[in-house]
Amino acid sequence: MTRTARELLDDVVARLAPDPAANPLVPRLADGTANRSAITALALEQHSVIPADRRSFLHLAARSADAGEAECEAFFRTLAEGETLAFDRLGALVAACGVSKSDAEAYEPRAGCQAYPAYVAWLALNGTPADVVLALTANFASWGAYCATLADALPAHYGFSEEACGFFAFFAEPAPDLERQALAAVRAGMDRGLDATGAALRHGKLLQRYEAMFWETLADPARGL
């Protein structure tokens with residue numbers, strides 16, 4: 001029986017769900033036992049991640065447009081717009097960490113944290129757009145859950161304001177429009193005869209591993225030099 005786009009997307013998301021115990025930092029932030037310096041490092045690493053991902057999504061949108069894949073183009077342009085909004089909110093978090101704008105610009109990112117956006121850039125150059133839609137959508141599910149936890153934990157245990165946590169709250173919010181665009185992109189790919197599962201799963205597994213590497217590096221910076 002032919003699967004629907006919804007079934008395919010749900011299957012990939014389920015198969016790429018991370019081990020709940022795989023993240024060594026978020027649970028410690030959730031109960032207030034992690035050092036506050038990890039929050040500062042998280043904010044500063046995102047200062048590099050967000051602009052890089054935005055450029056990657058814009059490139060994917062352009063590639064999709066060139067290929068006549070309007071549904072994928074719409075999905076990636078929405079992602080790029082979201083990264084712009086997220087970066088606007090990130091400034092309040094960086095400031096709440098006591099980091100000046102000049103110090104944020106001078107910060108040297110760690111390789112273990114930047115492997116994720118480096119692979120997103122690789123996907124922007126090499127991935128089939130519909131495959132990338134599937135892989136990214138699966139990864140966003142875990143990222144959104146982490147952000148929801150941090151949006152609650154940082155005010156409760158570290159005294160951060162609601163404004164300072166706006167970055168995390170933004171990613172924690174449901175995104176029904178983006179989900180509809182993802183489904184439309186997957187459906188259009190299936191209509192073109194694309195069997196996206198294999199490549200999407202490979203991409204998604206690497207994204208999940210690089211996501212885990214991001215958190216592992218923040219939890220133990222010496223591992224991500």
Side-chain angles (χ1 to χ4, degrees), residues 1-19 22 46 48-87 111-147 171 174-214:
M1 181 181 295
T2 302
R3 288 189 293 179
T4 65
R6 174 82 271 173
E7 289 169 339
L8 176 58
L9 187 60
D10 287 347
D11 178 55
V12 172
V13 170
R15 293 172 70 176
L16 293 176
D19 181 344
Q46 286 296 324
S48 294
V49 172
I50 296 296
D53 282 352
R54 179 180 181 276
R55 286 188 289 271
S56 294
F57 296 149
L58 286 173
H59 188 73
L60 279 159
R63 285 184 57 212
S64 299
D66 289 344
E69 299 178 19
E71 297 83 2
C72 288
E73 180 189 3
F75 175 82
F76 291 123
R77 290 205 181 279
T78 297
L79 287 185
E81 292 167 2
E83 297 298 313
T84 299
L85 295 173
F87 195 75
C113 290
Q114 297 303 313
Y116 180 96
Y119 186 60
V120 173
W122 186 94
L123 289 175
L125 292 172
N126 299 287
T128 299
D131 289 337
V132 181
V133 170
L134 275 168
L136 286 171
T137 301
N139 179 254
F140 290 159
S142 57
W143 168 248
Y146 294 147
C147 287
F171 284 113
D177 289 341
L178 185 63
E179 183 176 9
R180 283 192 290 271
Q181 288 178 326
L183 281 170
V186 172
R187 188 179 300 113
M190 295 172 71
D191 290 344
R192 291 191 296 272
L194 180 65
D195 180 10
T197 307
L201 282 172
R202 289 193 296 274
H203 298 330
K205 287 176 182 177
L206 282 170
L207 282 172
Q208 293 289 42
R209 182 66 197 104
Y210 292 136
E211 171 91 16
M213 190 183 298
F214 176 87

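Here the structure is a predicted model, which means the values were calculated and not measured.
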Practice prompt. Fit a plane to each ring of Phe140 and Phe57, take the angle between them on a 0 to 90° scale, and name the class: parallel (under 30°), tilted (30 to 60°) or perpendicular (over 60°).
Written response: perpendicular
Discussion item. For Ala124, is there any backbone N or O sitting under 3.5 Å from a side-chain donor or acceptor partner on Arg63?
Written reply: yes
Fill in: Glu69/Arg192 salt bridge by N-O under 4.0 Å criterion
yes
Worksheet entry | Atom pair CG/NE2 of Asn126 and His203 - distance to nearest 0.5 Å | 8.5 Å
Item to complete: For Glu71 and Ala182, indicate whether the former's side chain and the latter's backbone hold a donor-acceptor pair under 3.5 Å.
Response: no
Discussion item. Under the rule for salt bridge (Lys or Arg N to Asp or Glu O under 4.0 Å), what residues qualify as partners of Glu73, not counting sequence neighbours?
Written reply: Arg77
Fill in: pair Thr137-Val186: side-chain heavy atoms closer than 4.5 Å
no
Fill in: Thr4 backbone acceptor or donor facing Glu7 side chain under 3.5 Å
yes
Practice prompt. Return the minimal non-hydrogen interatomic distance between Val13 and Ala141, and the atom names on each side.
Written response: CG1-CB, 4.3 Å
Worksheet item: Roughly how far apart are Phe75 CZ and Ser64 OG, rounded to 0.5 Å?
Response: 10.0 Å
Item to complete: Please check if the distance between the ring centroids of Tyr119 and Tyr210 is under 6.0 Å.
Response: yes
Worksheet item: Say you draw a straight line from CG of Leu178 to CD of Glu81; how long is it, rounded to the nearest 0.5 Å?
Response: 10.5 Å
Worksheet item: Between Pro129 and Phe76, which heavy-atom pair has the shortest distance, and what is it?
Response: O-CZ, 3.7 Å
Fill in: Check: Phe214 and Gln114 side chains under 4.5 Å, non-hydrogen atoms
no
Worksheet, complete the sentence: In terms of heavy-atom contacts, Ala138 and Leu16 come closest through CB-CD1, 3.6 Å
Discussion item. Looking only at the side chains, is there a donor atom on one of Tyr116 and Asn139 sitting less than 3.5 Å from an acceptor on the other?
Written reply: yes
Item to complete: Mind listing the closest non-hydrogen atom pair of Ser142 and Gln208 along with its distance?
Response: OG-OE1, 3.4 Å
Practice prompt. For Thr128 and Asp131, indicate whether the former's side chain and the latter's backbone hold a donor-acceptor pair under 3.5 Å.
Written response: no
Discussion item. Between Asp191 and Arg187 (salt bridge meaning N to carboxylate O under 4.0 Å), is one present in this structure?
Written reply: no
Practice prompt. Output the distance between atom OG (Ser56) and atom CG (Leu79), rounded to the nearest 0.5 Å.
Written response: 11.0 Å
Fill in: side chain to side chain contact (heavy atoms under 4.5 Å, CB included), paired with Glu83, selected from Ile50, Thr78, Leu58
Ile50
Discussion item. Side chain to side chain contact (heavy atoms under 4.5 Å, CB included) for Leu207 and Val120? Distances and angles first, verdict last.
Written reply: CA-CA 8 Å; Leu207 282 172; Val120 173; 3.9 Å; yes
